[in-house]
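Working notes, structure below.
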Amino acid sequence: MNKLNKNEIDYIKKKIGQKGYSFLDVQYEIIDHVACAIEELRNKENTLSLDVAFDKVHASFGIFGFSALEEGYTNQLQKRYFRQVLKSAEKLLFGSYIIISLCIAVFLYFYISIDFYPESTFMLIYPAVVILYGIEIGRIVKNKKYQKFMSFRIAGGGLGLSCTLPHIGIYLSKVMGKFSPIMGSDIAYFLPAFLLSILVASLYLAHIRQVKQTDELMALYE
Amino acid sequence: MSSKQLIKGSLIPIVLKLLDDRGAMYGYEITQHVKELTSGELNITEGALYPTLHKLENQGLLSTYLEVVDNRARKYYQLTKEGQKVKTRKIAEFQEVFLKLQHLLFPQLKWTNNE
């Protein structure tokens, strides 16, 4: 069977991109199946042009085209990211990263005990999120290729979620104010602030893991 | 002519069995192998196969690895240890349902598990 050469593969990649699948890792999810099908078609009819063969293969995917592959890959990335967040939280609370949690706990408790307004503990999440987000924006600026990968986008979305956490923290500080006479204000503010901090840390650690996987994909595909 | 709904319902045991027999396979290879084994009677569409493969991977029954082959990256699927345990169970379940349906729809036939 005649295999497609590198130029033909690049042409097919371009055609897949023209169908609306602009992320490189999504294109690579699709390309092997399409290339195999084209090779088989051209093996049977060796006069078939690449364009016609591509159109025939695309038609064989049905009315939704390659979207089943794209959707499956995207869902898989989202589920993988979510599992990584849970795994990171587990490591922070019970595993190898527990030292980070202990440092956060000590810092928060110390801050609450000396601050006249313990509600402001939640405001500490703002600068943490800004710093982490800033690091990631720096990563994108340094290597714009990250934006071409769906796996990086999914991770970025997860980190973006952490931007909403300070707002949740402010709401929580009003709620916890009602419990402070019962629990004592130190515990009432410490527990939710600690848990929100662990969540931010888990989202960021999962993001780093996903970025590493994107780096591996980049190395493989290029 | 095979019903698409029936095939879709059987896809999981088919995929698990194939991967257990053949080791690692890629998506296109799975569709072609099924076509070959059934002399073209069973045609698994990409729209049915890939969601199934992704679902099984999310459940931890399959693992994947990428290999550069013929100028492109190829994703191979293989059974995990959990997948191997589940494969036996799924095929047994499928066989049980198949025999019950057979008994219901074709009571005159007296096939059993052992025949």
Side-chain angles (χ1 to χ4, degrees), chain A residues 1-13 16 24-41 43 57-83 149 151 213 216-222, chain B residues 2-5 7-8 11-12 15 18-19 22 24-40 42-80 82-83:
Chain A
M1 186 187 282
N2 286 328
K3 299 291 180 183
L4 296 169
N5 60 39
K6 193 176 180 312
N7 289 336
E8 287 169 326
I9 296 288
D10 287 342
Y11 184 71
I12 292 168
K13 220 169 58 152
I16 293 170
L24 286 179
D25 47 348
V26 173
Q27 287 174 4
Y28 274 107
E29 277 292 301
I30 298 167
I31 202 166
D32 183 49
H33 192 109
V34 170
C36 289
I38 289 175
E39 281 164 355
E40 196 187 334
L41 272 179
N43 202 43
V57 170
H58 183 248
S60 75
F61 271 72
I63 53 165
F64 297 113
F66 303 136
S67 59
L69 279 160
E70 186 200 32
E71 213 174 287
Y73 179 63
T74 308
N75 285 341
Q76 202 180 23
L77 285 174
Q78 285 168 341
K79 284 181 178 157
R80 186 174 71 183
Y81 179 74
F82 180 65
R83 277 197 306 269
F149 282 78
S151 61
Q213 282 159 353
E216 286 166 10
L217 286 176
M218 258 195 245
L220 183 71
Y221 294 152
E222 283 158 22
Chain B
S2 306
S3 161
K4 282 183 183 175
Q5 294 301 321
I7 295 165
K8 222 173 175 177
L11 212 41
I12 290 176
V15 166
L18 272 179
L19 290 175
R22 305 251 311 185
M25 294 176 84
Y26 54 98
Y28 188 75
E29 192 183 8
I30 293 173
T31 61
Q32 294 307 105
H33 196 64
V34 168
K35 214 175 182 178
E36 219 176 274
L37 287 175
T38 61
S39 308
L42 223 67
N43 194 17
I44 300 180
T45 62
E46 295 79 7
L49 174 68
Y50 284 101
T52 302
L53 289 172
H54 292 142
K55 182 180 170 182
L56 292 172
E57 197 185 344
N58 285 334
Q59 289 173 347
L61 305 181
L62 301 185
S63 63
T64 61
Y65 62 90
L66 288 170
E67 216 173 87
V68 177
V69 171
D70 299 330
N71 302 307
R72 66 254 193 186
R74 177 165 287 167
K75 184 180 268 187
Y76 285 88
Y77 297 86
Q78 57 190 5
L79 286 184
T80 58
E82 185 63 29

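Proteins get letters first, then strands, A, B, ... in listed order; numbering begins at 1 in each.
Heavy atoms closer than 4.5 Å to chain A are found in the side chain of B/Q32, but not in its backbone. With a 4.5 angstrom heavy-atom cutoff, A/L69 touches chain B via backbone and side-chain atoms both. A/K6 touches chain B through backbone and side chain together, each having a heavy atom under 4.5 Å away. Neither the backbone nor the side chain of A/E216 comes within less than 4.5 Å of any heavy atom of chain B. Within the 4.5 angstrom heavy-atom criterion, only side-chain atoms of A/L217, from C-beta onward, approach chain B. For B/Y50, the part lying under 4.5 angstrom from a heavy atom of chain A is the side chain only. Interface residue A/I9: only side-chain heavy atoms are found under 4.5 Å from chain B. Neither the backbone nor the side chain of A/R80 comes within less than 4.5 Å of any heavy atom of chain B.
Nearest approach of A/A68 to B/G47, heavy atoms of both residues: CB-CA, 4.0 Å.
The structure places CG of A/N5 at 7.0 Å from CG of B/N71, a figure rounded to the nearest 0.5 Å.
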*Could you walk me through whether B/R74 and A/C36 pass the side chain to side chain contact (heavy atoms under 4.5 Å, CB included) test, one step at a time?*
CA-CA 10 Å; B/R74 177 165 287 167; A/C36 289; 3.2 Å; yes
*After noting the C-alpha distance and the side-chain angles of B/V68 and A/L220, does the key distance pass the side chain to side chain contact (heavy atoms under 4.5 Å, CB included) rule?*
CA-CA 8 Å; B/V68 177; A/L220 183 71; 3.7 Å; yes
*Under the salt bridge (charged side-chain N to carboxylate O under 4.0 Å, His left out) criterion, do A/E40 and B/K35 qualify, and how do the steps go?*
CA-CA 14 Å; A/E40 196 187 334; B/K35 214 175 182 178; 5.3 Å; no
*Would A/I12 and B/R72 satisfy side chain to side chain contact (heavy atoms under 4.5 Å, CB included), going step by step from the backbone distance to the final call?*
CA-CA 11 Å; A/I12 292 168; B/R72 66 254 193 186; over 6 Å; no
*Please test A/R83 against B/N58 for side chain to side chain contact (heavy atoms under 4.5 Å, CB included), starting from the C-alpha separation and ending with a verdict.*
CA-CA 10 Å; A/R83 277 197 306 269; B/N58 285 334; 4.2 Å; yes
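The closest donor-acceptor contact from the side chain of A/D32 to the backbone of B/K75 lies at 3.5 Å or more, if one exists at all.
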